[in-house]
Participant: 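Got a structure for you, written out below as C-alpha cells; questions coming shortly.
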Amino acid sequence: MEITSVAFGIPFRHSITDSSSQSTKPFRHSITDSSSQSTKPFSARKSPKLQIQHASDLPSTLTRVGQMLTVKELNTALNHFGNSNKFNNISQLFLWMQENKKVDVYSYSHYIKFMANKLDASTILKLYNNIQDASVKDNVYMKEDGLVPDLVTYSTLIAGCVKVKDGYPKTLELIQELQDNNLRMDDVIYGAVLAVCASNGKWEEAECYFKQMKSEGRSPNVYHYSSLLNAYSACGNFQKADVLIQDMKSEGLVPNQVILTTLLKVYVRGGLFEKSRELVAELESSGYAEDEMPYCVLMDGLAKAGQIHEAKVIFDKMMKKQVRSDGYAHSIMISAFCRAKLFQEAKQLAKDFQTTFNKYDVVIMNSMLCAFCRVGEMDSVMETLRKMDELAISPDYNTFNILIKYFCSKNMYLLAYRTVEDMHSKGYQPTEELCSSLIFHLGQAKAHSEAFSIYNILKYSKRSICKALHEKILHILLAGKLWKDAYVVFKDNATFISGPTTKKFASAFMKSGNINLINDVMKTLHSCGYKIDPDLFEMAVSRYLGQPEKKDLLLHLLQWMPGQGYVVDPSTRNLILKNSHLFGRQLIAEVLSKQRVKLKAQESR
DNA sequence: ATAGGGTTAG
C-alpha cells in the first residue's frame, strides 16, 4: 500500500503534462488540413507530385496523395526539398516514406546527403546500415548513378563514430570500405579517425595513424595534434604529450586554445596539479581562460583525486573573476561534494546554481539523487524528486536508472516496476540486466503480471534477449495462473524451453488453462517435438467431459490424435465411453474406432 | 567534412 502511494506521488507528473502538450499537435494538423483544402480548391487538380512539392501541410498532403506516387517520384520530391534547403519537409517526407515502406537506396542516400549536419551520429550510422541492407535487397549498387560514397560521406560517418559506442570497430569497417571503393584517406579522414581513437582511449592506435599519415607525406595540422594529445589524456601520459607539443612547435604550428586546454587535461589526468595550475595561469594570460572549461578540467581532476578543498579554491577563484559559465563548474563541484558525502555544501551550491542561472539542471539533480540513494537518505530522495516535479525538470535516462536501482536495492520492487514503466513510456530503454533482475524479484513478490510487463518491454525493445529469460518468465506466469500469456510465451520460444519446464507447462495448462486453448496447446507441444503423454490426454479429456458444451473441441482432439500417432489409453477411453451420452453415443463410438483403425494402419506400414 | 569540460555503477 505504502509503496504504491509513494509511486503514485513520484514518477512523474510530467508524463501527464507531456502527453497533453503532444495532444495539441493533431489539433493543429486538422486545422491546417481543413484550411488548406478549403482555401485551395484547385489543389485537387494539381498532380500528386506538385501537390507534395507545394504542400503547406506536408504530412496531411502525403496522407492524401502519397500512395499514388512511386518511390522514384518521392525521391525526386526529396531532392526538390533538399535543393531548396527545406529541412523540415525533408524530414517529414522521409519519415512518411519509411513508415510506408516507400524507400530505396537512393532515398537513404539523398536523405543522408541533405541532413548530414542536422542529424546526430548514431542516426546517420543507422541510416547507413539501412542503405547497405537496402542495396543488397534491391540489388542496386551505390556506384551507379553517381551514388558512390565519397570522402565527405566517409568523414561524416567516421566523425559520427566519435560519440557512439562501438564507434571504433565501426570506424575500422568504414576505413576498410573506403579503401575498397578505391578512395584514399585524406587529411580530414585522418582527423576524424584520430578523434575516434582519442575518444576510445586508443592512444597506440592514434599514434599509428599519426605516423602513417606522416609517412604518406601529409603534414598533421592542429586537429591531428589535438586529437593525438587527447588520446594521451585518458592515460595521463604527460611525457608523450610534452614531446608531441615540441614536435608540433618544430613544425611551425603554434599551440592554440584547444591544444593548451587538451594539454591541461593530460597534466590533470597525470596528477601533475602544480604544472596544471601553471598551465591555467598561462591560459589566463593568453586570454584563453575566459570560458570555464580549463577551470572545470582542473577542478574535476582535483576533486576526483580527493583534493576537494583545492577544487573549491579554484571554483571560488573562478567565481571571483566572473569567468563565463554555463553551469558546468557548479555541476562539477556539486557532484564532487556529493561523492564526498558533503551534502550541506552540495545543497548550498545547488541553491546557488538555481539563483545564479534561474533554472535547474537534470545532471545536477541526478548527482544529488545518486548521492542520496547511495547513502540511503530516502527523505532526501523523495524531496529531490518532488523538486524536479515542481520545477518541471524531465527525468532522463540516468534519473530513471538511479531510481530503479535504488528501489530495487531497498526491495521496493513495485515502485521499481512503476518507474521502469514510466521510463519506457518516455522512450528510454532500461538495460537487460536491470529488467532481468527486476523480473525475478517481481516474480518472487507474486507480482506476476508486472513481471510479464517488464519482460514485454525488454522483448519488444531488443532484437535478442537472454534465452533463459523466456523460461524464467514462463515459470512466473504459471505461478500467477496467467495461462494465456504462458501459452504465448511457450509458443514463441518453445526451442528455448527445457524438457522439464515444458512438461510442467503442459500439465499445468491441461489442468487449469483456458479450455478453448487446450487443443492449440496440444498441437503446439506436438509440433515442437514434445511427445505428449497419455496422462496429458486424459487431463484434457476430463476437462472436456466437465463441460459438455465443448463437445466439438473434444471431437476435434480425438480426430487429430491418430494422424500424429496418438491414441487414447484404455482408461481414458473408458472415461469417454462412460460419458458418451453427453456427446452422442454414435459419434463417440465412431471416432474412437477410427482412432484404432488409423493407428493399426500406421503400425502395419 | 576533422580537435577540448560535468551526472549512473562496479
Side-chain angles (χ1 to χ4, degrees), chain A residues 112-113 116-117 124 149-162 171 178 185-199 206 209 213 218 220-234 248 253 255-266 268-269 283 288-289 291-301 303-304 311 315 325-339 346 349-350 353 361-371 373-374 395-406 408-409 428 430-431 433-434:
Chain A
I112 291 181
K113 189 171 75 192
N117 46 19
I124 292 193
D150 58 12
L151 284 175
V152 177
T153 317
Y154 282 109
S155 74
T156 309
L157 292 167
I158 294 172
C161 292
V162 172
T171 296
L178 78 90
M185 293 172 72
D186 67 359
D187 284 5
V188 179
I189 297 280
Y190 272 113
V193 171
L194 286 167
V196 172
C197 292
S199 67
Y209 283 112
M213 74 176 287
R218 301 182 176 280
N221 61 25
V222 276
Y223 290 92
H224 304 114
Y225 278 102
S226 81
S227 284
L228 182 53
L229 202 55
N230 196 26
Y232 292 144
S233 76
M248 180 180 173
L253 292 169
N256 63 11
Q257 184 172 356
V258 174
I259 293 286
L260 292 177
T261 312
T262 310
L263 182 62
L264 176 65
K265 215 174 122 183
V266 181
V268 166
R269 291 301 293 269
L283 282 160
Y288 290 160
D291 189 86
E292 65 183 328
M293 197 184 290
Y295 301 99
C296 286
V297 170
L298 181 52
M299 276 189 307
D300 191 46
K304 283 183 176 156
F315 180 81
S325 168
D326 290 327
Y328 279 103
H330 278 79
S331 180
I332 288 167
M333 282 314 299
I334 291 167
S335 69
F337 282 136
C338 284
R339 269 196 304 270
L349 219 49
F353 176 88
D361 183 278
V362 69
V363 174
I364 291 179
M365 284 306 201
N366 286 346
S367 298
M368 312 237 317
L369 263 186
C370 179
C373 287
R374 220 163 19 210
D396 68 1
Y397 176 82
N398 290 324
T399 318
F400 286 117
N401 249 333
I402 294 164
L403 288 175
I404 294 163
K405 284 187 180 170
Y406 175 62
C408 283
S409 76
Y428 296 111
T431 64
E433 299 72 48
L434 196 61

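Chain naming here is simple, since letters A, B, ... match the order of the sequence lines and numbering starts at 1 in each.
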Participant: Looking at every non-hydrogen atom in both residues, tell me the closest pair between A:P255 and A:L260 and how far apart they are.
Facilitator: CB-CD2, 4.0 Å

Participant: Check the distance between B:dT2's P and A:N256's CG and give it to me in whole angstrom.
Facilitator: 16 Å

Participant: Rounded to the nearest angstrom, tell me the gap between atom CG in A:L178 and atom C1' in B:dA1.
Facilitator: 13 Å

Participant: Would you kindly give the CG-to-C1' distance between A:D150 and B:dT2, to the nearest whole Å?
Facilitator: 15 Å

Participant: Please encode protein proximity along nucleotides 5-10 of chain B as a string of B, S and -, counting only heavy-atom distances under 4.0 Å.
Facilitator: BBBBS-

Participant: Measure from the side-chain N and O atoms of A:T261 to the backbone N and O of A:Q257, and report whether any donor-acceptor pair falls under 3.5 Å.
Facilitator: yes

Participant: Scan A:V193, A:L228, A:V196 and name whichever one has a side-chain contact (heavy atoms from CB on, under 4.5 Å) with A:Y209.
Facilitator: A:V193

Participant: Roughly how far, to the nearest 0.5 Å, is OH of A:Y225 from CG of A:L253?
Facilitator: 6.0 Å

Participant: Tell me the interatomic distance from A:M248, atom CE, to B:dA3, atom P, rounded to whole angstroms.
Facilitator: 15 Å

Participant: For A:T262, what residues pass the side-chain contact (heavy atoms from CB on, under 4.5 Å) criterion, not counting sequence neighbours?
Facilitator: A:L229, A:N230, A:V258

Participant: In whole Å, what is the span from the CG atom of A:L263 to the C1' atom of B:dA3?
Facilitator: 14 Å

Participant: How many Å lie between CZ on A:R269 and P on B:dG4, as a whole number?
Facilitator: 14 Å

Participant: Can you find a donor-acceptor pair, distance only, under 3.5 Å between A:S227 side chain and B:dA3 base?
Facilitator: no

Participant: Distance check needed: B:dA3 P versus A:I158 CD1, whole Å only.
Facilitator: 12 Å

Participant: Aromatic rings A:F400 and A:Y428: how do their planes relate, parallel, tilted or perpendicular, breaks at 30° and 60°?
Facilitator: tilted

Participant: Between atom CG in A:L194 and atom P in B:dT2, what is the gap in whole Å?
Facilitator: 14 Å

